[in-house]
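Contents: one structure, followed by commentary.
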Amino acid sequence: MAELSKKIGEMAYDGLVTDVKPAVLVAGGTILKGAAKATYVRGTLMAKSASTGKLVIFGTTADQGDTLTADCILCDDVVVGTAADAKAAVYIGGCFDPDKLVVATGATITEAVKDTLRTKGIILKAAAAAN
């Protein structure tokens, strides 16, 4: 008789996604190459450059004449080199725990940033404690 039930893997819950509404939406993004190789982890909040449309970690200082706006969250770990920009899957919608997001050193997620993300379909809400 064929196996009707079989364990095929495991998943560790990281607590990044906190609700099913609004629905999680995934798209592709381009992360700007850096002066040094960098690894960005799942849950990194990314800002989009108004001049290039490329992504950098939230909290990066914008070049003169450019504006960086909180835009999306990385789905998976990504290594970005110095020679070429990197393609990555990003969350462009959904409900996420703000305490699980990664930002540049010294950066904070203010209420204004939360409002900006909300207009893009990203809601920041901590997970409710389990009973």
**Message:** Is it the case that the side chains of Asp85 and Thr30 hold a donor-acceptor pair, with the cut-off being a distance below 3.5 Å and no angle test?
**Reply:** no
**Request:** Using only heavy-atom distances, determine whether the side chains of Ser49 and Asp66 contain a donor-acceptor pair under 3.5 Å.
**Result:** yes
**Asked** Should Leu45 and Ile57 be marked as a side-chain contact (heavy atoms from CB on, under 4.5 Å) after you check the CA-CA gap, both sets of side-chain angles, and the distance that decides it?
**Response** CA-CA 6 Å; Leu45 179 60; Ile57 187 171; over 6 Å; no
If you look at every heavy atom in [X] and [Y], which pair is closest and at what distance?
X	Y	result
Val80	Ala86	CG2-CB, 3.9 Å
Gly59	Ala107	CA-CB, 3.6 Å
Pro22	Gly121	CG-O, 4.0 Å
Ala70	Val113	CB-CG1, 3.8 Å
Ile109	Pro98	CD1-O, 4.4 Å

Can you tell me how far the [atom1] atom of [X] sits from the [atom2] atom of [Y], to the nearest 0.5 Å?
X	Y	atom1	atom2	value
Leu124	Lys114	CG	NZ	6.5 Å
Ile92	Asp71	CD1	CG	8.5 Å
Ile122	Tyr91	CD1	OH	11.0 Å
Lys125	Phe96	NZ	CZ	12.0 Å
Leu25	Cys72	CG	SG	12.5 Å

**Prompt:** Quick one: does Asp77's side chain get under 4.5 Å of Tyr40's, heavy atoms only?
**Reply:** no
**Message:** In the structure I gave you, are the side-chain heavy atoms of Thr44 and Ile73 within less than 4.5 Å of one another anywhere?
**Reply:** no
**Message:** With side-chain contact (heavy atoms from CB on, under 4.5 Å) as the test, pick out the partner of Leu74 among Leu101, Val102, Val90.
**Reply:** Val90
**Residue that, paired with Lys48, satisfies side-chain contact (heavy atoms from CB on, under 4.5 Å) out of Thr69, Leu32, Leu55** = Leu55
**Asked** Thr82 side chain to Lys37 main-chain N or O, any donor-acceptor pair under 3.5 Å?
**Response** no
**Request:** Spell out, as yes or no, whether a donor-acceptor pair under 3.5 Å connects the side chain of Thr52 to the backbone of Lys54.
**Result:** yes
**Request:** Report yes or no: do Ile123 and Val103 belong to one cluster of Ile/Leu/Val/Met/Phe/Trp/Tyr joined by side chain heavy-atom distances under 4.5 Å?
**Result:** no
**Prompt:** Under a single-linkage definition using a 4.5 Å side-chain heavy-atom cutoff for Ile, Leu, Val, Met, Phe, Trp and Tyr, are Val41 and Val56 assigned to the same hydrophobic cluster?
**Reply:** no
**Message:** With side-chain contact (heavy atoms from CB on, under 4.5 Å) as the criterion, how do Thr39 and Val78 come out once you've worked through the C-alpha distance, each side chain's angles and the decisive distance to 0.1 Å?
**Reply:** CA-CA 6 Å; Thr39 299; Val78 177; over 6 Å; no
**Request:** Salt-bridge test for Arg42 and Asp14: reply yes if a basic N is under 4.0 Å from a carboxylate O, no otherwise.
**Result:** yes
**Message:** The test is side-chain contact (heavy atoms from CB on, under 4.5 Å); show your working for Leu68 and Phe58 and say whether it passes.
**Reply:** CA-CA 8 Å; Leu68 298 175; Phe58 178 80; over 6 Å; no
